[in-house]
Each structure stands twice: as C-alpha cells, then as structure tokens.
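This report refers to the structure that appears directly beneath it.
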Amino acid sequence: MDVSDFHLEKALEGYNLSVNELEPKGESQELVEAYVNRGCVLYMMDYLTSAMEDLTAATEMIESLESQGCDIDDGTFVKAHATIGAILFNQDYEVSEAYSNALSRLNRISPNSRHFDMNGIIRMCVESAENLLDSEYPDGAEQFILKGLSLTENRPDPWSMNRVVEFRILYGECFLAKEMTQDALEQFSEAFETGSSLLDSSELEDMETVASALISKAQCEKDLDLIDLYLADAETSVVLLEEMLKFNKLENADLIVTIHQEIASVLMSEDRMDEAESHMMKAVAIGVHGAKDYIKNNEE
C-alpha cells in the first residue's frame, strides 16, 4: 500500500465512524457532510457503487433539509452532484442531470466553500468539462471552462497557466462541437501561445498539450481554407511530435505519418508536387524503417 492509499484508508475509517454516529440521530447538516466526505473518498478508492449510495443519500437529504429552511453550503451541493456526474461518466451512464445540478450553483462557490480550495475548484472544472465534452454536452462543458478560466487567467504561477492551456483546448473543442470553427481557431491559438511561453521557460507540464493545440489549430486553418497558415503549423507540429518521439514522450509515430499524408494531400491540391512527394516519402519511410530509424536519419 502506497502513502496515498494509506491516507485514504485512514480517512475512510474516520468517516465511517462519523456516519455510524450520526445516522441514528436522523437528518442533519452534519450527516450530509459525512456522507459527502465518505462518498468522495470511496470514489477516489474506486468503490463506485458505495460512493454513489453515499452521495445520492446526501443529495436527497440536502433537498429535504433545504425544504425545511436549512442552509446547505454551496460547496457541499456542487461537490456531491459533480462527483455523482463523474461516477456516472465512469460507468457509461447519462451524466447531464447530475452536472446540470452542479452547474446550478457553480458560480456561487469559492475557495471559502466547503470541500474546495482554489485548485480543487479548478481540477473539478477540468474533469467536469472533459466528461461533458466526451458525453456530447458542449454547452455544459463551456460553463465549467468559463468558471475555470475566471480562476486561472490572472494567476501567473506555472500550475495555473498549464491549466489555462487545458481550458483553452477544451474551449476550442466546445466550439468545434458546435461547428464554430473560427471561434475554435482562436481558442487553439491562445492555447498554443500560452503553452509555447511555458515551454520556453521550462515550465510546461506536458508537451502533448502544445502539440495538441497546434494540430487542432492547423486543422481549423485547413477547414477555413487558410492554406499557408495550415501548412506552416502542420509542419511545425511534425517537428514537435518528432521531438516527443525522440524522448519517448509519444507512444507511436502513427500521428506523424497521418500529418505528413495530410500535408501531402493539401500540397497536391495546390499543385506543389515536389513538396507533396517529399512528405509522402517521409510518411513511407516511417512505415518501412520504423520511427527510431526515421528520427536517426533525419538527424544526420
């Protein structure tokens, strides 16, 4: 058992005691908190069914207590519903109602709310936006993204700026889902600019985010018939991916092959056959000789 598992086990023991002590006394704000605390620990330990039972009990009790005039902290409300959304997503169930409930009070939470500090709100917004996008709910995802950006954009520390890159990429994906290509391009451009700045200062957490932003930016330019911009960005993305491959930061070279082929196709449509052939040959070389030999030969 590693240190994190040990701490979760100890936390679970404590919350079990709290729940067992409070349940016989009936509904209370304290029991709601105990259910939410234990449910979140169970979720982190991958006991999803038990976590759902606790969090569902908490949300039902919140509704009952609020109908009686009790005030429930907005952080408790959002934490319970957003975590239910995450559990449902992990089980391939419908998530819209749970996240809609969380969104109803999202803008009321702050680092002073229960269950959250500043970074906790930001992490919750990233996870929720990703889950909603994957579930094809871009409008809900956008609300979590905007909340996250409101907390990160004016914080110059590297952790926050890395999250800005993530949020901008997610925002671009929201616009793509709504077929708003120009707006998506603007978001991917901002993500790439911020990520490049972090890369220059050796503060970028994951090179893949910069590569992803640039590839998506290039695709938008292609869709908008901005061919020269597309070619420049697509070729730069190949250079980034090759660097990742060289340092074992890229699982395989399939994406590099695909981009070379796409560049070649665009060049052929522009009647730039010599340049197109060069990219096709590079794609073939990776397939025939393997990525490592390709990188080695390009360095020589």
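Quick caveat, the model's predicted, so the values are computed rather than measured. Heads up: numbering here begins at 1 and tracks the sequence.
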| Check against side chain to side chain contact (heavy atoms under 4.5 Å, CB included), R155 and I122 | CA-CA 12 Å; R155 297 175 70 194; I122 294 166; 3.3 Å; yes
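- Applying the side-chain hydrogen bond (donor to acceptor under 3.5 Å, both in side chains) criterion to D274, with sequence neighbours excluded, gives no partner residue.
- Using modelled atom types, one side-chain atom of Y99 and one backbone atom of A86 make a donor-acceptor pair closer than 3.5 Å.
- Taking a 6.0 Å sphere around CD of E27, one finds it holds more than 12 heavy atoms contributed by other residues, nucleotides or ligands.
- The line from NE2 of H115 to OG1 of T83 is 9.0 Å long, rounded to the nearest 0.5 Å.
- Using a 4.0 Å cut-off between charged nitrogen and carboxylate oxygen, E221 and K217 count as a salt-bridge pair.
- Heavy-atom minimum distance, M244 versus A211: SD-CB, 4.0 Å.
- To the nearest 0.5 angstrom, E142 atom CD is 15.5 Å from K147 atom NZ.
- Contacts of F175 classified as ring pair (Phe, Tyr, Trp, His ring centres under 6.0 Å), with partners at least two apart in sequence or in another chain: Y171.
- For the pair W159 and E205, the minimum side-chain heavy-atom distance is below 4.5 Å.
- Paired with L176 under the rule side-chain contact (heavy atoms from CB on, under 4.5 Å), one option of C220, S216, P138 passes, and it is C220.
- For the pair S265 (side chain) and Q261 (backbone), a donor-acceptor distance under 3.5 Å is absent.
- When all heavy atoms of A141 and L133 are compared, the pair lying nearest together is CB-CG, 3.8 Å.
- The two atoms that bring L214 and S237 nearest to each other are CD2-N, 3.5 Å, heavy atoms only.
- The shortest distance between side-chain heavy atoms of L132 and V95 falls below 4.5 Å.
- With 3.5 Å as the limit, one finds no donor-acceptor pair spanning the side chains of S104 and N101.
- Connection of F116 to M118 is established within a shared hydrophobic cluster, with ILVMFWY side chains joined at heavy-atom distances below 4.5 Å, either directly or through further cluster members.
- The CZ atom of F192 lies 6.5 Å from the CG atom of D233; values are rounded to the nearest 0.5 Å.
- The two residues C174 and I145 come nearest to each other via the heavy atoms SG-CD1, 3.5 Å.
- Side-chain contact between S160 and D157 is present, with heavy atoms from C-beta onward closer than 4.5 Å.
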| query | Please walk me through it: do M161 and E203 pass side chain to side chain contact (heavy atoms under 4.5 Å, CB included)? | reply | CA-CA 9 Å; M161 296 310 295; E203 294 172 325; over 6 Å; no
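- At least one donor-acceptor pair under 3.5 Å links the side chain of S113 to the backbone N or O of S110.
- Counting only N and O atoms by type, the side chains of D139 and Q143 include no donor and acceptor under 3.5 Å apart.
- K10 NZ: 12 or fewer foreign heavy atoms inside a 6.0 Å radius.
- Contacts of E33 classified as salt bridge (Lys or Arg N to Asp or Glu O under 4.0 Å), with partners at least two apart in sequence or in another chain: R114.
- Of the N and O atoms on the side chains of S64 and Q68, at least one donor lies less than 3.5 Å from an acceptor on the other residue.
- Counting non-hydrogen atoms of other residues, nucleotides and ligands closer than 6.0 Å to CD of Q91 gives a total above 12.
- Smallest separation of non-hydrogen atoms from L55 and I87: CD1-CD1, 3.8 Å.
- For E97, the CD atom sits in a loose shell: 12 or fewer heavy atoms of surrounding residues, nucleotides or ligands are nearer than 6.0 Å.
- Contacts classified as salt bridge (charged side-chain N to carboxylate O under 4.0 Å, His left out) and involving residues 68-91 (residues at least two apart or in different chains) are given here: D74-R105, D74-R108.
- Taking the side chain as every heavy atom from C-beta outward, M45 and V41 approach each other to under 4.5 Å.
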| Would L103 and L106 count as a side chain to side chain contact (heavy atoms under 4.5 Å, CB included) if you check the C-alpha gap in whole Å, the side-chain angles of each, and the deciding distance to 0.1 Å? | CA-CA 5 Å; L103 283 168; L106 179 66; 3.7 Å; yes
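- Residues satisfying the salt bridge (Lys or Arg N to Asp or Glu O under 4.0 Å) test with E166, not counting sequence neighbours, are R163.
- Side-chain atoms of L48 and M52, non-hydrogen and from C-beta on, never get closer than 4.5 Å to each other.
- With contacts defined as side-chain heavy-atom distances shorter than 4.5 Å, the pair M280/E277 does not qualify.
- Distance check: L241 CG to L255 CG gives 5.0 Å after rounding to the nearest 0.5 Å.
- Note on ring orientation: taking the six-membered ring where Trp is involved, the planes of H260 and H279 are tilted (angle from 30° to 60°).
- A continuous path of ILVMFWY side-chain contacts below 4.5 Å connects L65 to Y35, so both sit in one hydrophobic cluster.
- Counting only distance, with no hydrogens or angles, the side chain of S201 and the backbone of L198 share a donor-acceptor pair below 3.5 Å.
- Residues C125 and F167 meet the side-chain proximity criterion, which asks for heavy atoms closer than 4.5 Å.
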| request: Apply side chain to side chain contact (heavy atoms under 4.5 Å, CB included) to R272 and L231, showing your working. | output: CA-CA 12 Å; R272 295 162 64 175; L231 291 171; 3.4 Å; yes
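- Using a 4.5 Å heavy-atom threshold, the side chains of V266 and E262 count as separate.
- Atoms CG and CG, from L42 and D54 in turn, are 6.0 Å apart once rounded to the nearest 0.5 Å.
- Side chain of T76 to main chain of I72: no donor-acceptor pair is present (N/O by atom type, distance under 3.5 Å, no hydrogens or angles).
- Between Y230 and A218 the shortest heavy-atom distance is CD1-O, 3.1 Å.
- Among residue pairs with one or both ends in residues 179-202, those qualifying as salt bridge (charged side-chain N to carboxylate O under 4.0 Å, His left out) are R168-E190; sequence neighbours excluded.
- Cluster annotation: I263 is connected to I227 through the hydrophobic network of ILVMFWY side chains, with a link wherever side-chain heavy atoms come within less than 4.5 Å.
- Cluster annotation: L267 and M273 are assigned to distinct hydrophobic clusters (Ile/Leu/Val/Met/Phe/Trp/Tyr, side-chain heavy-atom contacts under 4.5 Å, transitive).
- Hydrophobic clustering of Ile, Leu, Val, Met, Phe, Trp and Tyr side chains at less than 4.5 Å, counting indirect connections, unites L149 with V78.
- Between atom CD1 of residue I169 and atom OG1 of residue T209 there is a gap of 5.5 Å, rounded to the nearest 0.5 Å.
- Of the N and O atoms on the side chains of E94 and S96, at least one donor lies less than 3.5 Å from an acceptor on the other residue.
- K249 and E243 are not joined by a salt bridge, as no carboxylate oxygen comes within less than 4.0 angstrom of a charged side-chain nitrogen.
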